[in-house]
Amino acid sequence: MLLLVGLSTLLTVYIGGKEVIAGRATNGNIAEFIIYVNMLTWPVASLGWVTSIIQRAAASQERINEFLHLEPEIVSNNTEDKVIAGKIEFQNVGFVYPDSGIKALDNISFTVTPGKSLAILGKTGSGKSTIANLLLRMYDPTEGKVLIDNINIEALSLTSIRKQTGYVPQDVFLFSDSIANNIAFGLTDEIDEDKKRELVYTAAKQAVIYDNIEEFPKKFETMIGERGITLSGGQKQRLSIARAIIKHPKILIFDDCLSAVDTNTERKILDNLEQIMKGRTSLIISHRISSVKHADEIIFLDGGRIIERGDHDVLMQKNGEYAALFEKQMLEELEA
Ligand SMILES: Nc1ncnc2c1ncn2[C@@H]1O[C@H](COP(=O)(O)OP(=O)(O)OP(=O)(O)O)[C@@H](O)[C@H]1O
Ligand SMILES: [Mg+2]
């Protein structure tokens, strides 16, 4: 653009000069025309500028559209809000991750009656989180059925299931917002401020993070994430536990949620959780025996299959993988 403007000035001077020599124009005329050319510089330059902005925006919009036009693979076939009792059943469930082709689960069957707890133990990559994913209907099983209250979850309303489930994911996700808002995330907006604050405080106490938060200069109003402080791994996990239990869900899923806290804090949280889990169906996923031994049933996964099942005493008597892991972890604890 600037080159064109420069050339126009040059041209004006050159042709104007010839005209003046020939006596057909005056020096004033040339000056006049140069001023005209300069007056046109800004509009012409901005024309180019706007064109370039529009082109960049079009490219961005294309990418945004790609995302907006994605069709979710999981569709809710029902919108009815149903209060669930919390019975969970897996019937011969097999699952292959569509994008990697990895067979993560193979012929998994179990039933958890309402109010009882099931613990899932197993090596890394054995398929524990996949069970939680299927229960939350992040994916539909490749084989078999997942049922809640004897109804196939594909026939239940997606929002209804997720509203009544408290989930502590393995990778905690926190928003760039205050601690209080992060904990209150699952609550409906209908609750008034005082009640909300009370619920947040209680949940924080139960998740043994209250004292930590009180130590921050702005307490519950402390911002986290990009605009605020960074929490430690264990603090994040406890905040996520508080977020899951605040809405008093019928089903609780804890995916390895105590891996980053020390054994003392683990004990305290487990004691509190025992109270909270009363009357709620819970799924506890862990690597540590100490987190799972009080569960009503424990299943031991290996390569997507259940290799041992039963409660703590039964599994100890079996003297298999579970007992071996128990001994190893007891030794580690003694050494520490
Ligand atoms: N989103 C995904 N896409 C493709 N493959 C996946 C996905 N998530 C997990 N997998 C694969 O499925 C298998 C089971 O993974 P899963 O996350 O259930 O293991 P896990 O028992 O929870 O392990 P960990 O104890 O490390 O959390 C693994 O082989 C993993 O690579
Ligand atoms: Mg996992």
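As the structure lists them, so they are numbered: ligands from 1, and atoms in each ligand from 1. In what follows, residues are counted from 1 in the order of the sequence shown. In this text, all values refer to a predicted model and were calculated from it rather than measured experimentally.
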### Message
Let me check your reading of the structure: within less than 2.8 Å of the Mg ion (ligand 2), is there an N/O/S atom from T124?
### Response
no

### Query
Hey, quick one: are I161 and L118 part of the same hydrophobic cluster, counting side-chain heavy atoms closer than 4.5 Å, chains of contacts allowed?
yes

### Task
Quick one: sort the F175 and F185 rings into parallel, tilted or perpendicular, breaks at 30° and 60°.
tilted

### Query
Going by an N to O cut-off under 4.0 Å, is there a salt bridge joining R197 and D194?
yes

### Query
Is L301 close to I131 at the side-chain level, that is, under 4.5 Å between some pair of heavy atoms?
yes

### Message
I'd like to know whether Q91 forms a side chain to side chain donor-acceptor pair (under 3.5 Å) with E89, so could you lay out the CA-CA distance, the side-chain angles of the two residues, the decisive distance to 0.1 Å, and finally the verdict.
### Response
CA-CA 6 Å; Q91 284 178 358; E89 197 175 348; 3.3 Å; yes

### Query
Taking 4.0 angstrom as the limit, do K87 and D149 come out as a salt bridge?
no

### Task
Return the protein residues near ligand 1 (heavy atom under 4.0 Å from any of its atoms), ordered by chain and residue number.
Y97, D99, S100, I102, A104, K123, T124, G125, S126, G127, K128, S129, T130, Y139, Q170, H287

### Message
Closer than 2.8 Å to the Mg ion (ligand 2): does that hold for any N, O or S atom in S129?
### Response
yes

### Query
Would you say the side chains of S129 and Q170 form a donor-acceptor pair under 3.5 Å?
yes

